Participant: 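Let me begin by handing over the structure; questions about it come next.
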Amino acid sequence: MASRAPSKIRSWFPELHLPGVIAIQKHFKARPTDLFVLSFPKSGTTWLKALAFAIMTRTQHPLAHHPLHSLNPHQCVVTMDRLFALGQVSTIEAMPSPRILSTHMPFSLLRDSIEGSGCRIICVCRDVKDVLVSWWHFHDKMRPAEIDRVPFAKAFEMFCEGICPSGPIWSHVLEYWEESLRRPEKVLFLKYEEMMEEPMSHAKRLAEFMGCPFSLEEEKEGVVEEILKLCSFEKLRNLEVNKSHKRDAVHLAQFDSLFRKGNVGDWTNHMSPEMARKLEEITQQKFKESGLTV
Ligand code: A3P
């Protein structure tokens with residue numbers, strides 16, 4: 001019986017990222033040992049990159065002198081789209097295994113590049129209302145001086161229509177959620193709010209999923225706590241490298257713009273109750289029957 005080709009969702013990409021997305025689809029093939037950090041933008045990617053990198057490299061680098069003290073998490077875990085857009089495919093190919101790679105591409109656009117490879121995927125999602133607020137602030141910080149500020153009400157309407165980088169958010173999140181249900185041994189689906197509430201159990205879960213669980217000795221020595229401290233919002237935000245306004249061709253975001261508040265529920269400071277209700281209703285409708293609550 002002929003099988004139906006998996007459907008591909010429609011998604012918005014910033015002009016600067018689109019060539020990278022196309023190049024990944026054409027040229028990238030995952031290795032079995034690859035670990036992917038995948039997310040909708042502004043859902044906690046920077047934090048998850050830091051945690052995954054610190055956990056994976058903890059025996060190579062003593063935590064007191066870990067690269068995360070002098071490098072931004074996005075320099076430790078590359079976002080493939082920009083490197084592919086810049087034609088730097090060889091940089092990714094030259095990386096020794098196991099690689100940790102990242103992209104904001106929806107699963108259906110990445111599927112052909114990773115299918116059958118056996119690679120592992122970690123994804124993080126976040127309350128849609130907080131994602132919107134975080135995105136609006138980030139967009140504002142990245143905005144060239146000659147471009148007017150987008151009023152929050154306008155950003156809200158666009159977001160509700162799915163118009164934002166990697167949007168619409170709902171299909172993006174749902175695809176990874178469904179894949180995590182299909183292949184829980186290979187796809188770990190996390191929620192930002194739950195990570196904030198129980199960082200310790202999440203760090204342990206991450207390490208187990210990544211195939212490098214903490215030993216009893218490490219737990220007794222406080223290695224998990226040390227990793228969480230190193231990757232905490234306060235610690236990372238106050239490092240010199242992360243206070244920098246610099247941006248380069250690969251990292252288009254100024255590092256300081258990646259650390260804003262790091263709170264759960266900042267949407268209450270930006271949205272009217274009607275706006276919140278509208279976004280919650282859309283989300284419930286989109287996620288209905290999926291079993292996913294955000
Ligand atoms: P806010 O804008 O709500 O503060 P991403 O990394 O996907 O771009 O997501 C950015 C959001 O994650 C921002 O949220 C940012 O402050 C928050 N963040 C960055 N580093 C964090 C950390 N170590 N712990 C918790 N939240 C963090």
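Not measured: the values here are computed from a predicted model. We count ligands from 1, going down the list as the structure has it; atoms in each ligand are counted the same way.
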Participant: Please determine if Arg126 forms a cation-pi arrangement with Tyr192, meaning its NZ or CZ atom is less than 6.0 Å from the six-membered ring centre and no more than 45° off the ring axis.
Facilitator: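 Yes, Arg126 and Tyr192 form such a contact.
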Participant: Between Asp266 and Asn269, does any side-chain donor sit less than 3.5 Å from a side-chain acceptor?
Facilitator: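 Judged by distance alone, the side chains do pair up.
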Participant: To which protein heavy atom is atom 18 (N) of ligand 1 closest, and what is the distance rounded to 0.1 Å?
Facilitator: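 Of every protein heavy atom, Phe233 CD1, 4.0 Å lies nearest to atom 18 (N) of ligand 1.
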Participant: If we count only N and O atoms by modelled type, under 3.5 Å, do the side chains of Ser11 and His172 hold a donor and an acceptor together?
Facilitator: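 No.
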Participant: What residue and heavy atom of the protein are closest to atom 8 (O) of ligand 1, and at what distance?
Facilitator: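 In this structure, atom 8 (O) of ligand 1 has Lys42 NZ, 2.8 Å as its nearest protein heavy atom.
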Participant: Report, in ascending order of atom number, the atoms of ligand 1 lying under 4.0 Å from any heavy atom of Phe259.
Facilitator: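 The atoms of ligand 1 under 4.0 Å from a heavy atom of Phe259 are 16 (O), 19 (C), 20 (N).
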Participant: Using distance alone, decide if ligand 1 has a nitrogen or oxygen within less than 3.5 Å of any nitrogen or oxygen in Gly262.
Facilitator: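 Such a contact does occur with ligand 1.
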Participant: How far is atom 16 (O) of ligand 1 from its nearest protein heavy atom, and which residue and atom name does that atom have?
Facilitator: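 Its nearest protein heavy-atom neighbour is Arg260 N, 3.0 Å.
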Participant: For ligand 1, which is the ligand I care about here, please tell me if Gly44 has any N or O atom under 3.5 Å from one of the ligand's N or O atoms.
Facilitator: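 Yes - when backbone and side-chain N and O of Gly44 are compared with those of ligand 1, one distance drops under 3.5 Å.
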Participant: Could you find the nearest protein heavy atom to atom 7 (O) of ligand 1 and give me its residue, atom name and distance?
Facilitator: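 Answer, as residue, atom name and distance: Thr45 OG1, 2.5 Å.
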Participant: Just to confirm my output: which protein heavy-atom neighbour is closest to atom 6 (O) of ligand 1, and how far is it?
Facilitator: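 Checked against all protein heavy atoms, atom 6 (O) of ligand 1 sits closest to Thr46 OG1, 2.5 Å.
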Participant: For Phe138, is the NZ or CZ atom of Arg143 found under 6.0 angstrom from the centre of its six-membered ring and inside 45 degrees of the ring axis?
Facilitator: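 No; the conditions do not both hold, so Arg143 does not lie above the ring face of Phe138.
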Participant: Between His69 and His61, does the ring centroid distance fall short of 6.0 Å?
Facilitator: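 Ring centroids of His69 and His61 are no less than 6.0 Å from each other.
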Participant: Backbone or side chain, does any N or O of Lys261 fall under 3.5 Å from an N or O of ligand 1?
Facilitator: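 Yes.
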Participant: Out of Ser257, Ser39, Ser134, Ala253, whose heavy atom sits nearest atom 2 (O) of ligand 1?
Facilitator: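 Minimum heavy-atom distance to atom 2 (O) of ligand 1 goes to Ser134.
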Participant: Do any nitrogen or oxygen atoms of Leu236 come within less than 3.5 Å of a nitrogen or oxygen of ligand 1?
Facilitator: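 So ligand 1 has no N or O lying under 3.5 Å from an N or O of Leu236.
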Participant: Might you confirm whether atom CD of Glu146 has over 12 heavy atoms from other residues, nucleotides or ligands at distances under 6.0 Å?
Facilitator: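 Yes - once you tally the heavy atoms of other residues, nucleotides and ligands closer than 6.0 Å, there are more than 12.
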Participant: Please work out, at 4.0 Å between heavy atoms, whether the side chain, the backbone, both, or neither of Ala50 comes within that distance of ligand 1.
Facilitator: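 Neither part.
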Participant: Compute whether any side-chain donor of one residue and acceptor of the other, for Ser257 and Gln254, lie under 3.5 angstrom apart.
Facilitator: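 The criterion, which ignores hydrogens and geometry beyond distance, is not satisfied for Gln254 and Ser257.
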Participant: Which ligand 1 atoms, with their elements, are less than 4.0 angstrom from a heavy-atom of Ser232?
Facilitator: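 Those atoms are 23 (N).
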Participant: What heavy-atom pair brings Val131 and Ser43 nearest, and what distance separates the two atoms?
Facilitator: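 Between these two residues, the closest heavy atoms are CG2-OG, 3.8 Å.
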Participant: Using every non-hydrogen atom in the two residues, find where Leu109 and Met105 come nearest and quote the distance to one decimal.
Facilitator: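 Taking every non-hydrogen atom into account, O-CE, 3.5 Å.
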Participant: For Leu258, counting its heavy atoms only, list the atoms of ligand 1 lying under 4.0 Å from any of them.
Facilitator: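 Under 4.0 Å from Leu258, ligand 1 has these atoms: 15 (C), 16 (O), 19 (C).
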Participant: Just let me know how Tyr192 lines up against ligand 1, side chain, backbone, both or neither, with a heavy-atom cut-off below 4.0 Å.
Facilitator: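 Only the side chain of Tyr192 comes within reach of ligand 1.
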Participant: Determine the interplanar angle of the Trp136 and Phe152 rings, folded into 0 to 90°, and report it as parallel if under 30°, tilted if 30 to 60°, perpendicular if over 60°.
Facilitator: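 Ring orientation of Trp136 relative to Phe152: perpendicular.
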Participant: Heavy-atom contact check, 4.0 Å cutoff: does His137 meet ligand 1?
Facilitator: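 In this structure, His137 fails to qualify as a contact of ligand 1 - no heavy atom is under 4.0 Å.
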Participant: Indicate whether any N or O donor in one side chain lies under 3.5 Å from an N or O acceptor in the other, for Asp256 and His245.
Facilitator: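 Asp256 vs His245: donor-acceptor pair found between side chains.
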Participant: Taking N or O atoms only and a 3.5 Å limit, does Asp130 qualify as a polar contact for ligand 1?
Facilitator: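 It does not: no N or O of Asp130 is found under 3.5 Å from an N or O of ligand 1.
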Participant: Return the residue, atom name and 0.1 Å-rounded distance of the protein heavy atom closest to atom 23 (N) of ligand 1.
Facilitator: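 Answer for atom 23 (N) of ligand 1: Cys231 O, 2.9 Å.
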Participant: Below 3.5 angstrom, do we get any N/O pair linking Arg126 and ligand 1?
Facilitator: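 Checking ligand 1 against Arg126, an N or O pair does fall under 3.5 Å apart.
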Participant: Can you check whether Phe255 and His74 have ring centres sitting under 6.0 Å from each other?
Facilitator: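 Ring centroids of Phe255 and His74 are no less than 6.0 Å from each other.
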